[in-house]
Amino acid sequence: MAEALTSNGLASLRSSLIAWYESDHRSYPWRETTEPYPILISEVMSQQTQLDRVEAAYHDFLERWPTVDALAAVDQAAVVGFWSNHSLGYNNRAKYLHTAANQVCSEFDGAFPQDPATLQELQGVGPYTANAVASFAFNNGNAVVDTNVKRVYYRLFDIEDDDAAFESVANECMPDENSRVWNNAIMELGAVACQKTPRCEAAGCPWRDHCDAYQSGDFTAPDVPTQPSFEGSRRQLRGRVISVLSEHDELELDRLGPRVRVDYTPAGTHGREWLRDLCSDLAADDLVELEDATVRLRR
């Protein structure tokens with residue numbers, strides 16, 4: 001690693017990766033803009049959701065709410081309903097996004113903060129998302145470190161599987177004042193070349209000659225958490241509640257239940273008490289209002 005991180009080694013790594021990325025990379029609409037609002041939308045939608053699924057929802061969202069002002073002006077329920085109807089999962093993200101839009105309008109005079117620290121003042125925007133928006137919108141971020149990027153550096157330098165070590169080497173490798181292109185390029189490398197099963201030759205990895213794993217043949221990488229199955233999960237059923245309620249002003253539990261589960265019976269295992277518990281979780285997240293046996297989307 002020390003040899004690769006000398007001045008000449010770093011220059012070679014940087015130039016080869018940027019040239020590889022700029023010669024050919026996957027095309028996504030959020031890569032064609034430097035406006036912070038659509039970039040934030042894409043980053044929030046992309047959390048634990050495949051990019052190919054995100055693209056259609058991204059276009060629909062921006063057609064409906066093309067500006068941060070437009071998003072801030074609508075009821076939260078409309079945004080949550082959109083999220084559920086597009087199967088984006090984790091409806092809290094929709095609520096946080098709506099709150100963040102209101103913060104931009106009311107606390108920042110309609111202009112997005114430009115640095116990662118201030119961006120984290122927006123509801124639901126953590127360090128990774130803040131850094132991504134700062135990088136891709138303002139070219140003002142630190143090195144992005146996601147699962148794909150960790151895999152790249154782990155194999156390239158044979159470093160220990162430690163967050164601090166990844167952060168250190170990622171920031172050392174990134175060129176100064178070039179976070180936009182660099183972070184896009186390193187994430188692209190991890191996504192299309194340095195996958196769990198590497199595609200070094202097929203993807204033309206520009207770092208093969210520098211890569212410890214390529215030289216040794218040992219492509220071990222840090223464990224990647226497995227996403228729990230969505231089908232039949234509590235997360236999916238929460239989404240169904242939101243989706244059904246987005247089409248009705250309000251519903252009683254026994255009218256809502258069969259629309260959420262086909263095997264719903266009021267006194268059954270998946271009956272009234274089970275549904276009340278599910279709706280209580282959503283109410284605790286300020287997504288619905290539950291009064292006695294009636295449920296409605298929170299406005």
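Annotation for C194 and R155: closest pair SG-NH1, 3.2 Å, computed over non-hydrogen atoms. Among all heavy-atom pairs drawn from L290 and S280, the shortest one is CD2-OG, 3.5 Å. Closest approach of N85 to S246, counting heavy atoms only: ND2-OG, 3.6 Å. Considering every non-hydrogen atom in both I18 and P175, the closest pair reads CD1-CG, 4.5 Å. A203 and W20 get closest at one heavy-atom pair: O-NE1, 3.0 Å.
The stretch residues 99-118 participates, sequence neighbours left out, in these side-chain hydrogen bond (donor to acceptor under 3.5 Å, both in side chains) pairs: D115-T118.
Remark: side-chain polar atoms of N183 are paired, donor with acceptor, to backbone N or O of N142 under 3.5 angstrom. Checked by atom type and distance alone, the side chain of S46 pairs as donor or acceptor with a backbone atom of S42 at under 3.5 Å. Checking side-chain atoms of T265 against main-chain N and O of A267 turns up no donor-acceptor pair under 3.5 Å. Of the possible polar contacts, one joining the E188 side chain to the R26 backbone as a donor-acceptor pair under 3.5 Å is found.
V133 and L62 fall within the same hydrophobic cluster, where Ile, Leu, Val, Met, Phe, Trp and Tyr residues are linked whenever their side-chain heavy atoms come under 4.5 Å apart, directly or through other members. Both V74 and Y37 belong to a common hydrophobic cluster when Ile, Leu, Val, Met, Phe, Trp and Tyr are linked at side-chain heavy-atom distances under 4.5 angstrom.
Around the CD atom of E177, the shell of radius 6.0 Å holds no more than 12 heavy atoms that belong to other residues, nucleotides or ligands.
Annotation: side chain of Y214 is not in contact with side chain of L156 (no heavy-atom distance under 4.5 Å). Contact annotation: the side chain of L287 approaches that of R238 to within less than 4.5 Å [non-hydrogen atoms, C-beta and beyond].
Checked against a 6.0 Å centroid threshold, the rings of W30 and Y58 count as neighbours. Between W65 and F82, the distance separating the two ring centers is shorter than 6.0 angstrom.
Cation-pi check for R261 over W274 is met; the charged atom lies under 6.0 angstrom from the ring centroid and within 45 degrees of its normal.
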